[in-house]
Each structure stands twice: as C-alpha cells, then as structure tokens.
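Inspection log for the structure reproduced underneath, given as structure tokens.
The model shown is predicted, which means the values in this text are computed figures rather than measured ones. In what follows, residues are counted from 1 in the order of the sequence shown.
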Amino acid sequence: MEGFVGAIGNTPLIRLKTLCKETGSEIYGKAEFMNPGGSVKDRAALYVIKEAEEKGLIKPGGTVIEGTAGNTGIGLAHVCRAKGYKCVIYMPNTQSQEKIDLLKMLGAEVHPVPAVPFDNPENYNHQARRHAERLENAVWTNQFDNTANRRAHLETTGPEIWEQTNGQIDGFTCSTGTGGTLAGVTRFLKEKNSQVKVFIADPPGSVLYAYFKSGGKLMERSGSSITEGIGQGRVTDNLAGDIHLIDDALYIPDEKSIEMVYRLLDEEGLYIGASTALNVVAAVEMAKQLGPGKKVVTILCDGAYRYQSRLFSRKWLETKNLLGAIPGHLQKYIVLP
C-alpha cells in the first residue's frame, strides 16, 4: 500500500468473546481504531478531500478547513500532511485536551470556540465555512452534509463488513454524529440483504432516538453526554437519504457506556473510548432483541488514549456522577486522580 492514505481501511473484525458468551449471539466490532490516524474518521477525511480534488475545488498547496469535534480533524490533519495541504480546524471548546494537542502536533491550526447550537451563526461549522470563504485555494469539507463522507462507508466499510462476515450478518448498529458511517453501511448492507436489521444507537442530549420513536418529529435537544463526536440535533444530509432504511433506535445512557469502557478493557484487553463503548452496549442490546444465535456488528471508533485524562480520572468520574456506574472490581483501572 502507498503511504498513509493507502493504509486507511481494511480493518479487522474482532469477535467480542465475553459478550458472545453472555448473549448467546455472535457480536463483532469493526476495529476502526486500527486505521493509521487512529479512528473511523480517517475514511471520511480521505473521501472529502478526494472529492474536493476530483471536483477541482482544491489545488496543490491549498487549505482544508473543517468544523469537527476531533477525530475528523485528526484524520484530515494526517491526510493533509500526506498530501501537502494546510489544515485549519474549528472545534467546540468542550473537547478533550488530548485531541486539541494532537491536532496541533500534526500541524493543524486549531480554533476552539464556544459550543453553541447549529442554528447559531457562531456554531463551529459556520465559523469554518466563513474562514474558507475568506481564503483563495481553500475548501470547507463540510463533513456533516458532504455526502462524500457517506460514500466512504458505502464503498469501503460496508463491503468490508459483508466480506468479513461472508454475508452472514443479522444486525448492524452504531451511533451517529455526521451520519456517514451509519448511512453508508446501512445502504450497502440493505442492498445486499434487506433482512439485515439496523438500529441507531443514541446518547443523552441527542434527538435521533426520539425522532425514531415519535415517527419523525425533531425534538429540542436536552441533557448532555460524556461521549464525544456523536449525538445530533438534526438529520444531516449524510443521513437523510437512508434514514428510512433504519429499523429501530436504542437509547444508551452514559452509565452503561462508562461501565462498558472498563469491561472491554478488563475482559477483552481493548482500550477504547466512550462512543465505542456506547456502540458495544447497543450491539449487546440488539443481540438480545434479535435472539440467540444472531450475528451483530458494530463500530469500534477509536481508542481511549484520546480521552484518558477524563475516562480514567476519579475526580472527573465523580463530577459526572459516574463513579458508581463502574463495578467495584473494575475500579482498579481508575489510575488518575
């Protein structure tokens, strides 16, 4: 394979043995943390830049600008370094310091801005768009509504899952931020076999669970979650075209997600972030709904090292009222004050 870009994708599908035994089903995680930039977002980063190049929107030496909660920015920074572009990132100031530091180390210009709703002109996405409009030879990659994001998963992630399961898959579930992964994989799997079930997994503070359960009414966002980069207050363009293919939705509270972070570390040796843990909780719940003997796949988005100062800090867990959600025998992993 050729360089960083050539190494993106073709990640392993990992059988989660403890959860298989617990549910009587086959539960697999697509190990997207093994992408060269460390997350599932490497795929979208590559495709939004590739499409900009194909359309002539950016030329050598140009600038790529994005609004991102972190991982897409990290993927873009890597791809920009590999291709010789400058990278500018706008992000909510609620994101982990590890992500901000890594973006800077990768040569990106980083602008943390106040976290405000999408309909506010100062939302980080709108600030990124305006920045791109001010520059020559610059492109705002618009990950939320640029369907090159969805295309990445339609053309790569979905086919890989189908091939790795030999077409024997009963269910797919994952959470969504931009909607690209869920939409692209769903479209591919449903076209291969319309009987494959797809559930969207949603954290607190997102409206998509309520959207499904109410028959398509968008509610006001309320509450918040420890998960980063997932949850949504609207139906994005990436998701809109395939949302009718999704069969059901699962609401996953933070207490279950944080417990799964620690369980996967202890039982599987997997050091993963909270959004990945949420996906795995959803896969377990989906397996229980579908019944024994079914094969369910989810996405292992990224590793915990981008969040470790929070997820493994006793003080932080206490401030979030989550310390009690971690079983006593797993609290030995809380090694930070």
**OP:** Kindly indicate whether the side chain of V79, heavy atoms from C-beta on, has any atom under 4.5 Å from the side chain of I8.
**Re:** yes

Original post:
Between CD1 of I58 and CH2 of W140, what distance do you get to the nearest 0.5 Å?
Top reply: 15.0 Å

Original post:
Does the side chain of V185 come within less than 4.5 Å of F172's, by heavy atoms?
Top reply: yes

Subject >> Heavy-atom pair with the smallest gap, counting every atom of P36 and A7 >> reply: CD-O, 3.4 Å

**OP:** Answer yes or no: is there a side-chain heavy-atom contact under 4.5 Å between R151 and E51?
**Re:** yes

Original post:
Has the side chain of N71 got a donor or acceptor atom that lies under 3.5 Å from a matching backbone atom of S39?
Top reply: no

Subject >> Salt-bridge present (K213, D248; N to O < 4.0 Å) >> reply: yes

Subject >> Any side-chain donor near an acceptor of the partner, T141 and E66, under 3.5 Å >> reply: yes

Original post:
Got a sec: does the CD of E163 have more than 12 other heavy atoms crowding it under 6.0 Å?
Top reply: no

Subject >> Y271-F312 aromatic ring centre distance below 6.0 Å >> reply: yes

Original post:
Do L182 and R150 have side chains that get closer than 4.5 Å, going by heavy atoms?
Top reply: no

**OP:** Step through the shown structure and confirm whether more than 12 heavy atoms of other residues, nucleotides or ligands are within 6.0 Å of NZ on K294.
**Re:** no

Original post:
Do Y47 and E155 have side-chain atoms, one donor and one acceptor, less than 3.5 Å apart?
Top reply: yes

**OP:** Indicate yes or no: does K86 engage E109 in a salt bridge with an N to O separation below 4.0 Å.
**Re:** no

Original post:
Could you go step by step and tell me if R187 and D242 meet the salt bridge (charged side-chain N to carboxylate O under 4.0 Å, His left out) rule?
Top reply: CA-CA 7 Å; R187 172 65 66 173; D242 303 296; 2.6 Å; yes

Subject >> NZ-CG distance between K332 and L265, expressed to the nearest 0.5 angstrom >> reply: 9.0 Å

Original post:
Under 6.0 Å from the CD atom of E2, do we count more than 12 heavy atoms belonging to anything else shown?
Top reply: no

**OP:** Check for a donor-acceptor pair, side chain of T11 on one end and backbone N or O of N35 on the other, with a separation under 3.5 Å.
**Re:** no

**OP:** State whether K17 and E268 are salt-bridged, where the test is any N-O pair (Lys NZ or Arg NE/NH1/NH2 against Asp/Glu carboxylate O) under 4.0 Å.
**Re:** yes

Original post:
Does any non-hydrogen side-chain atom of H126 lie less than 4.5 Å from one of F118?
Top reply: yes

Original post:
Would you say E54 has more than 12 foreign heavy atoms packed within less than 6.0 Å of its CD?
Top reply: yes

Subject >> Aromatic ring proximity, centroids under 6.0 angstrom, Y90 and Y124 >> reply: no

